[in-house]
Amino acid sequence: FLQMRRRPPRSTQSRSSAASDVYKRQPRAASIRAKTRCWLFALDRECFNNIVKDAAMKKREKYTSFLSSVDLLNTIDEYEIENLADPLKPIHVKAGEYVVRQGDVGHTFYFVEEGQAVATKNNAQGGEDEVFHYKSGDYFGELALLNDQPRQANIKAVTDLDLAALDRNSFKRMLGPLEDLLKRN
């Protein structure tokens with residue numbers, strides 16, 4: 001399976017597309033050749049699929065557990081929570097960095113998993129006025145997505161911040177169960 005060559009040609013396929021070929025049971029899109037001497041470890045399709053499925057299950061369990069603790073979501077059922085958990089993406093923001101800026105186009109809805117953040121509004125003097133503090137279980141970004149308006153505030157990490165992010169398409173797909181809850185809050 002592995003051919004060692006002294007003058008290796010370039011790789012023509014990315015790791016992710018190679019993995020995708022195995023997962024989707026498609027023929028290889030390209031060949032990969034070693035540029036230097038190397039060790040190759042191979043996984044058969046079944047083992048690879050089990051690893052991918054196990055990672056997806058662990059991610060779902062992590063986010064389902066977290067979302068079950070979010071006050072906003074305490075009235076939706078477990079099935080809807082699981083559906084909401086699947087498209088979430090983890091984002092880490094360092095203390096002092098901005099997550100969103102007032103006036104930017106909004107593409108993402110965020111849940112605060114760990115850490116603290118502050119919402120500020122730009123004032124006439126060129127500074128920022130604090131308007132809200134976020135902690136674990138809070139959320140933000142819904143107004144820009146619900147109303148198709150620019151961001152209404154800056155969100156800045158006070159401590160290192162772990163967020164669970166839901167992109168616009170997933171947010172719109174999940175809007176049925178979430179819309180009434182968000183508008184009430």
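Keep in mind that what you see is a predicted model, and the values were worked out from it rather than measured. Sequence positions, counted from 1, serve as the residue numbers for this chain.
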Locate the shortest heavy-atom distance separating Gly137 from Phe66; write the atom from each residue and the value. N-CE1, 4.2 Å
Taking ring-ring contact (aromatic ring centres under 6.0 Å, His included) as the definition, give me every residue that meets it alongside Tyr110, ordered by chain and number, with sequence neighbours left out. Phe140
Nearest heavy atoms of Asp160 and Ala95, plus distance in Å: OD1-N, 2.9 Å
Say you draw a straight line from CD1 of Ile81 to CG of Asn74; how long is it, rounded to the nearest 0.5 Å? 8.5 Å
For Asp162, all residues meeting salt bridge (charged side-chain N to carboxylate O under 4.0 Å, His left out), sequence neighbours excluded: none
Distance-only donor-acceptor pairs under 3.5 Å for side chains of residues 113-128, two or more places apart:
unit_1 : atom_1 : unit_2 : atom_2 : d
Thr120 : OG1    : Glu128 : OE1    : 2.7
Thr120 : OG1    : Asn154 : ND2    : 3.2
Lys121 : NZ     : Gln152 : O      : 3.0
Asn122 : OD1    : Asn154 : ND2    : 2.8
Asn123 : OD1    : Gln125 : N      : 3.1
Asn123 : OD1    : Gly126 : N      : 3.1
Asn123 : OD1    : Gly127 : N      : 2.7
Asn123 : ND2    : Asp129 : OD1    : 3.1
Glu128 : OE1    : Tyr98  : OH     : 3.2
Glu128 : OE2    : Tyr98  : OH     : 2.7

Using the rule that Ile, Leu, Val, Met, Phe, Trp and Tyr join whenever any side-chain heavy atoms are under 4.5 Å apart, tell me whether Val100 and Leu146 fall into a single cluster. no
Asp77 meets the side chain to side chain donor-acceptor pair (under 3.5 Å) criterion, sequence neighbours left out, with none
Using modelled atom types only, decide if a donor and an acceptor are shared between the side chain of Arg151 and the backbone of Gly141 within a distance under 3.5 Å. yes
For Leu145, what residues pass the side chain to side chain contact (heavy atoms under 4.5 Å, CB included) criterion, not counting sequence neighbours? Phe109, Arg168, Phe171
Apply ring-ring contact (aromatic ring centres under 6.0 Å, His included) to Phe132 and list each qualifying residue two or more places apart in sequence or on a separate chain. Tyr134
Counterpart residues, salt bridge (charged side-chain N to carboxylate O under 4.0 Å, His left out), relative to Glu82 (two or more places apart): Arg60
Distance-minimising heavy-atom pair for Lys135 and Asp138: N-OD2, 2.8 Å
Grouping I, L, V, M, F, W and Y whenever their side-chain heavy atoms are under 4.5 Å apart, do Ile91 and Ile155 come out in a common cluster? yes
Identify, with sequence neighbours excluded, every residue that meets side chain to side chain donor-acceptor pair (under 3.5 Å) alongside Asp167. Ser170
Gap between atom CG of Leu163 and atom CG of Leu88 - 0.5 Å precision: 11.0 Å
So CD of Glu80 and CG of Leu73: to nearest 0.5 Å the spacing works out to 10.0 Å
Please find the pair of heavy atoms, one from Gly106 and one from Ala144, that lie closest to each other, and give the distance. CA-CB, 3.9 Å
Kindly write out the residues that satisfy salt bridge (charged side-chain N to carboxylate O under 4.0 Å, His left out) with Lys94, not counting sequence neighbours, or none if the list is empty. none
Would a 4.5 Å heavy-atom cut-off, applied to side chains only, mark Leu166 and Thr108 as touching? no
Quick one, Leu67 and Phe111 - any side-chain contact, counting heavy atoms below 4.5 Å? yes
Is the shortest heavy-atom distance from the side chain of His92 to the side chain of Leu161 under 4.5 Å? no
Is there a path from Leu84 to Val70 through hydrophobic residues (I, L, V, M, F, W, Y) whose side chains come within less than 4.5 Å of each other? yes
Sequence neighbours left out, what passes side chain to side chain donor-acceptor pair (under 3.5 Å) with Asp104? Give chain and number order. none
Side-chain contact test, heavy atoms from C-beta onward, threshold under 4.5 Å: evaluate it for Ile51 versus Asp54 and give yes or no. no
Same apolar cluster (I L V M F W Y, side chains within < 4.5 Å links), Tyr63/Ile76: yes
